[in-house]
Structure formats: C-alpha cells, structure tokens
Amino acid sequence: MDITVRAVLVALLVAAGSPAALRPGGATGVRLSAQGQDPHPTFAVGTATARRGQKAYGVLKVPAGSDAGYDIPVVVVHGARPGPVFAVVSGAHGTEYASIIAVEELIDTVAPADLSGTVILVPLVNVPSFERIVPHVNPTDNKSMNRFYPGDQKGTQTDRASYVMTKEVVERCDHLIDLHGGDLDENLRPYSYWTVTGNKKQDDASKGMVLAFGLDHIIISSDRPKDPAASRYLENTASTRGKPSITAEAGRSGPVVAGDVKVLVDGCMNVMRHLKMLPGSAAPVARPTWVEKVVSLTADREGVFHTAVDRDAHVVKGAKIGFVTDYLNRPLQDVIASDSGIILFIRAVPSLKKGDTMASIGVVSSQPK
Ligand SMILES: [Zn+2]
C-alpha cells in the first residue's frame with residue numbers, strides 16, 4: 001500500500017469513528033459495548049499495535065538467555081470490521097524461501113479496509129537461518145524451529161523463540177496456517193497437511209480450511225502429539241489448543257518461483273474468504289489426493305546422491321529411485337522405494353551424510369475423505 005492510500009484510509013477511519021457511524025449495526029459493523037465503545041479498538045502483537053482499520057509493523061522480542069536474543073518481524077492487520085483472528089507464519093526454516101516471500105507479499109496484499117477480523121503475519125521466524133543461509137535448523141543452537149513447541153523460556157534460542165510464538169501468536173489467534181516448502185536440499189511437490197485431532201467439529205473446520213487453501217495433495221496427520229504441553233510443531237500447538245489450523249508447503253531447492261509463491265498467497269487469501277474475513281468465496285479443491293502415510297528414506301552413510309526420479313513421480317514398492325556412490329564414483333547402494341506412492345520430495349543435491357533424507361514417499365489413501 002502506498003502512502004497516499006494509507007493517508008486516505010486514516011481519514012476514512014477518523015470519519016467512521018464519529019458517533020453516528022458507531023451505532024450498533026451501523027456502517028462499520030463493529031459490535032459495540034453497552035457504553036458505545038469498540039471492544040477491540042486496537043490489536044497488539046509484540047511491538048506492533050494496529051488501530052481498527054489499520055496495519056502495524058513491529059517485532060516479537062526474543063529475550064537473551066543462555067545465548068543471544070533477537071527480534072522476529074511481525075505485521076498486524078486489524079480489519080475495519082471485527083471477525084476471527086488469523087495467523088500466517090513462515091520461515092521456521094529460513095531457507096524455504098518461496099513460503100517466506102509469500103508472507104512478505106501478504107503483508108501488502110491484505111488490505112485492512114476489506115478485512116473482517118485481524119491477521120497476524122510472521123514471515124520469518126528463523127532469522128539466523130535466513131541470514132546465514134543454513135537449512136533445516138537455527139544455526140544458533142542447531143535446533144529445528146518447528147520441533148520445540150510450545151517452547152521454554154529457560155531454554156536455548158529456539159526454545160525461547162518458540163515460547164514467544166506460542167504466547168504472542170498461537171494463543172492470540174483463532175486459526176493458524178504454517179507455511180513451509182522444500183528446503184535447499186529438497187525438490188518438493190506442493191502439498192498441505194490436515195491434522196485429525198479426534199474433535200469432529202474442529203476437524204471439520206480445519207478440513208474446510210485445507211480444501212479452501214486449494215493444494216490438490218493433502219497429507220492426513222493423525223499421529224501428531226495430543227498433549228498441548230508437548231506439541232512439538234507450530235500448527236500442532238494451535239490444534240492442541242482447540243484452534244482449527246493447517247500447514248502447507250510449496251517451493252523447493254532455493255530459487256523463488258512465482259508459481260510456488262502464488263499458490264501459497266492464493267491459498268491464504270482463499271482461507272480468509274472461506275472464514276468470511278474477506279469478501280467473495282473460495283471453491284474447495286475438487287477430488288484432492290489424500291495421503292495417509294509419509295515414509296522418509298534416510299541415508300545410513302555419507303556419499304554422493306544421484307536421483308533416478310523427479311518430484312511427483314508415482315513409484316511402486318521396490319522401484320529404484322536413486323543411488324549412492326562414494327567420492328570416487330564407486331557404487332555404494334541403490335535407493336529403493338519402500339512403499340508404493342508419490343515422491344513428495346527427492347533429494348535435490350548430491351551432498352549426502354548419514355541421517356539425511358533422500359526421499360519422502362506419500363502413500364495414497366484408498367478411502368475418500
Ligand atoms: Zn520447513
């Protein structure tokens with residue numbers, strides 16, 4: 001949004017703040033207290049405080065502890081009308097660039113004048129990973145920033161950042177989307193996750209979100225922790241606190257491809273339409289492919305990885321999907337599909353050390369959901 005438009009909006013909001021416009025059921029739609037006041041005239045997350053109908057920029061402060069503190073950037077869009085609080089987070093893995101750029105775009109795309117409700121946008125949780133171009137972990141403490149939720153005030157930087165995210169973002173929102181993508185070493189086809197908690201009402205709500213998001217491959221997560229105190233993942237932290245939420249992934253291996261960014265931006269905007277936070281409607285994806293199990297093929301030694309299939313290949317159990325040589329090109333092993341399914345991602349680089357993921361195979365559910 002340019003400055004001129006923002007100035008006009010402020011002027012409109014000042015006008016909307018007049019007593020006549022603030023009558024219950026009046027032009028603003030803001031439900032007023034008995035005293036005629038908007039119960040949420042502002043919404044603050046970290047240092048970002050947005051007045052109704054405005055957008056505010058700030059940071060979430062991760063305090064110093066056993067290691068350094070840092071700031072997580074955050075934007076709050078406080079809609080012109082009340083509604084749900086919706087959080088979109090990316091950059092837990094700071095080199096999954098398409099997802100980060102998608103939330104950067106949402107910062108400009110979500111207009112407070114169009115919005116019923118409040119949107120919290122956190123484009124880059126793992127600032128150290130982004131700055132130092134380190135995949136998978138926070139280089140400060142070598143921890144994945146999507147495995148230590150709900151966090152710990154007394155832990156290392158990742159634990160403390162996760163604690164801040166839980167308190168300031170998860171506990172403040174009604175719905176959350178966590179965006180990821182193929183990291184620097186992952187050649188990934190886009191997909192989303194639908195978490196089954198066992199609470200039918202919540203699961204129906206999150207299913208509505210994942211269908212509105214629009215990606216046509218959906219992983220059914222039914223094995224995630226049920227204990228809110230040991231939630232591990234960000235989306236799971238929201239889901240175990242009763243907030244219908246999803247995860248979605250697009251983008252791969254470094255480059256920011258416009259199509260990958262677009263499916264994530266469009267997905268979030270469609271979920272906002274589905275939640276009646278934005279005008280319009282979102283058609284649910286027709287006949288998605290439901291993935292009931294994800295199998296990771298992990299390296300048990302170092303070597304040079306060679307692919308034999310591309311992302312999205314359909315493979316049968318026993319098929320050769322790659323092979324590993326030593327550093328002098330002598331064969332070490334073939335990489336064999338352990339299950340029949342879809343290559344959700346295949347290793348994008350030859351570098352291979354023990355414990356690295358060589359491929360992720362999605363086993364397709366035969367049952368319609
Ligand atoms: Zn990730």
Side-chain angles (χ1 to χ4, degrees), residues 72-73 87-104 106 121-151 157-159 161-162 165-166 169-170 176-195 210 213 215 217-219 221 224-225 231-239 245-257 260-261 263-265 267-268 291 294-296 298 311 343-349 355-362:
I72 299 173
V88 184
V89 179
S90 64
H93 303 127
T95 46
E96 294 177 354
Y97 294 117
S99 56
I100 295 163
I101 298 304
V103 182
E104 301 286 347
L106 284 170
L121 297 167
V122 183
L124 183 55
V125 176
N126 193 343
V127 175
S129 154
F130 181 85
E131 289 182 344
R132 292 163 63 178
I133 319 180
V134 174
H136 302 299
V137 297
N138 174 354
T140 308
D141 55 14
N142 251 350
K143 292 176 175 173
S144 168
M145 293 199 82
N146 197 29
R147 294 293 184 280
F148 291 88
Y149 282 97
Q157 192 180 73
T158 292
D159 302 299
S162 301
M165 288 292 296
T166 298
V169 179
V170 175
L176 180 143
I177 295 183
D178 190 21
L179 296 181
H180 288 258
D183 215 322
L184 292 178
D185 55 357
E186 295 168 348
N187 181 10
L188 177 145
R189 68 106 56 236
Y191 52 82
S192 50
Y193 294 84
W194 174 48
T195 294
V210 82
F213 195 94
L215 295 180
H217 282 56
I218 303 172
I219 297 169
S221 294
R224 296 220 159 166
S231 52
R232 297 194 73 203
Y233 309 89
L234 176 61
E235 171 273 310
N236 196 48
T237 305
S239 292
S245 299
I246 63 169
T247 300
E249 307 211 30
R252 55 194 167 115
S253 325
V256 177
V257 176
D260 291 328
V261 175
V263 293
L264 297 178
V265 170
C268 292
V291 172
V294 177
V295 183
S296 291
T298 306
R311 66 180 185 140
I343 300 293
L344 296 177
F345 66 83
I346 185 91
R347 192 160 189 77
V349 295
D356 283 344
T357 302
M358 297 183 288
S360 171
I361 301 174

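Positions are given from 1, in the same order as the sequence printed here. One-based numbering, in listed order, for ligands and for the atoms of each.
Applying the side-chain contact (heavy atoms from CB on, under 4.5 Å) test to Pro135 and every residue at least two apart in sequence or in another chain returns Thr95, Asp183, Leu184. In this structure His136 satisfies the ring-ring contact (aromatic ring centres under 6.0 Å, His included) test with no other residue, sequence neighbours excluded. Phe130 meets the side-chain contact (heavy atoms from CB on, under 4.5 Å) test with Tyr97, Ile100, Leu124; sequence neighbours excluded.
Two residues are said to be in side-chain contact when any heavy atoms from C-beta on lie closer than 4.5 Å; Val291 and Tyr191 fail this criterion.
Looking only at distances, a side-chain donor or acceptor of Ser129 sits under 3.5 Å from a matching main-chain atom of Val134.
For the Zn ion (ligand 1), the count of nearby protein N/O/S atoms, taking only those under 2.8 Å, is 4.
Closest non-hydrogen pair, Val137 versus Ser144, comes out as CG1-N, 3.9 Å.
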